[in-house]
Amino acid sequence: MSNLPYIVGNWKMNGVRAMLAEARSIDRAASRYNKVQVALAPPATLIHRLQEAVENIGVGGQDCRAEESGAFTGDIAAPMLKDAGADFVIVGHSERRAGYGETDEMVRAKAEAALEAGLTVIVCVGETEAERDSGNAEAVVTRQVAGSVPQTKNAADRLSIAYEPVWAIGTGRVPSVADVGSMHCAIRKQLQDIYAKKAAAIRILYGGSVKAENAQELLGAENVGGALVGGASLLADSFIAIVDAASPAKAE
Ligand code: 13P
């Protein structure tokens with residue numbers, strides 16, 4: 001997979017057709033940044049339309065079910081996302097782990113189904129505030145990585161990880177750059193244990209209250225290969241400011 005900085009907007013449960021105008025603005029602006037890989041994960045209802053509206057950015061789903069089809073009312077299978085025009089999917093977001101009881105095992109099955117369907121995958125991990133306060137953040141997160149990442153052949157080639165501390169999501173609070181760096185190094189080490197040399201190519205994104213103002217600093221932390229952005233990805237101006245901060249020309 002590419003080694004460009006990867007900036008992904010997760011729109012969560014936000015967006016109706018009127019939001020396509022914002023996606024077009026993001027797409028136009030992204031064309032000026034050929035050293036950054038930009039993508040959006042809109043609600044599933046917009047994937048097809050958004051994919052038809054853009055040329056320069058990736059389009060993905062926010063979740064998928066592990067099964068290919070069947071009696072699972074309301075759920076979406078990975079091949080359906082692919083058919084709708086998605087090229088990636090986010091799995092294991094903390095809002096799904098907490099809200100729907102998704103376990104590492106389920107997340108891993110989803111990730112493997114996504115790869116099987118021809119999608120790339122972003123596996124999310126992150127500790128709660130209580131886990132950080134009790135000094136267990138690294139143990140929790142590396143255990144999540146070990147249990148949630150796909151183990152199928154060549155999985156590392158189409159995999160990214162997003163480290164999103166639960167307490168930093170939507171709160172305006174972010175870990176220190178040193179804490180982000182040490183967590184990303186611990187994740188890299190865990191990935192090396194699983195994928196050996198292939199782990200080097202896996203981008204580890206940071207997510208949780210990434211904004212224009214803090215993006216450059218967070219993206220500069222060790223082993224940070226991009227960002228998974230929630231609130232600030234809903235408007236072109238704030239999202240593109242983060243893309244701009246990720247541009248290697250900017251970092252020099
Ligand atoms: P915020 O950027 O709104 O904190 O959300 C982060 C997130 O959960 C992205 O997946």
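As the structure lists them, so they are numbered: ligands from 1, and atoms in each ligand from 1.
Residue contacts with ligand 1: Glu164 is placed with a nitrogen or oxygen under 3.5 Å of a nitrogen or oxygen of the ligand (distance criterion only). Here's the thing with Leu228: none of its N/O atoms is less than 3.5 angstrom from an N/O atom of ligand 1. On a distance-only criterion, Gly207 and ligand 1 share no N/O pair closer than 3.5 Å. For ligand 1, one of its N or O atoms has an N or O atom of Gly231 under 3.5 Å away. Inclusion of Lys211 in the set of residues having an N or O under 3.5 Å from an N or O of ligand 1 is not warranted.
Ser25 and Glu22 form no side-chain donor-acceptor contact under 3.5 Å, judged by distance and modelled atom types alone. Glu164 and His93 share a side-chain donor-acceptor pair at under 3.5 Å. Side-chain contact of Arg97 with Ser148: a donor-acceptor pair under 3.5 Å is present, judged by distance alone. Neither side chain, Arg143 nor Gln190, offers a donor N or O lying under 3.5 Å from an acceptor on the other.
Here the heavy atom of the protein found nearest to atom 5 (O) of ligand 1 is Lys12 NZ, 3.3 Å. Of the protein's non-hydrogen atoms, the one nearest atom 2 (O) of ligand 1 is Gly230 N, 2.8 Å.
Atoms of ligand 1 found under 4.0 Å from any heavy atom of Gly208 (numbered from 1 in listed order, with element): 4 (O), 6 (C).
By the rule that hydrophobic residues join a cluster once side-chain heavy atoms approach within less than 4.5 Å of another member, Leu159 and Leu119 end up as members of one cluster.
Contact analysis leaves Ala232 out of contact with ligand 1, as no non-hydrogen atom separation drops below 4.0 angstrom.
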Under 3.5 Å, sequence neighbours excluded: what are the donor-acceptor pairs made by side chains of residues 74-92?
| unit_1 | atom_1 | unit_2 | atom_2 | d |
| --- | --- | --- | --- | --- |
| Asp75 | OD2 | Arg65 | NH1 | 2.6 |
| Lys82 | NZ | Gly118 | O | 3.4 |
| Asp87 | OD1 | Val59 | N | 3.2 |

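Among pairs with a residue in residues 142-178, those fulfilling ring pair (Phe, Tyr, Trp, His ring centres under 6.0 Å) read Tyr163-His184, at least two apart in sequence or across chains.
Looking at Asn10 against ligand 1, only its side chain comes within 4.0 Å, counting heavy atoms.
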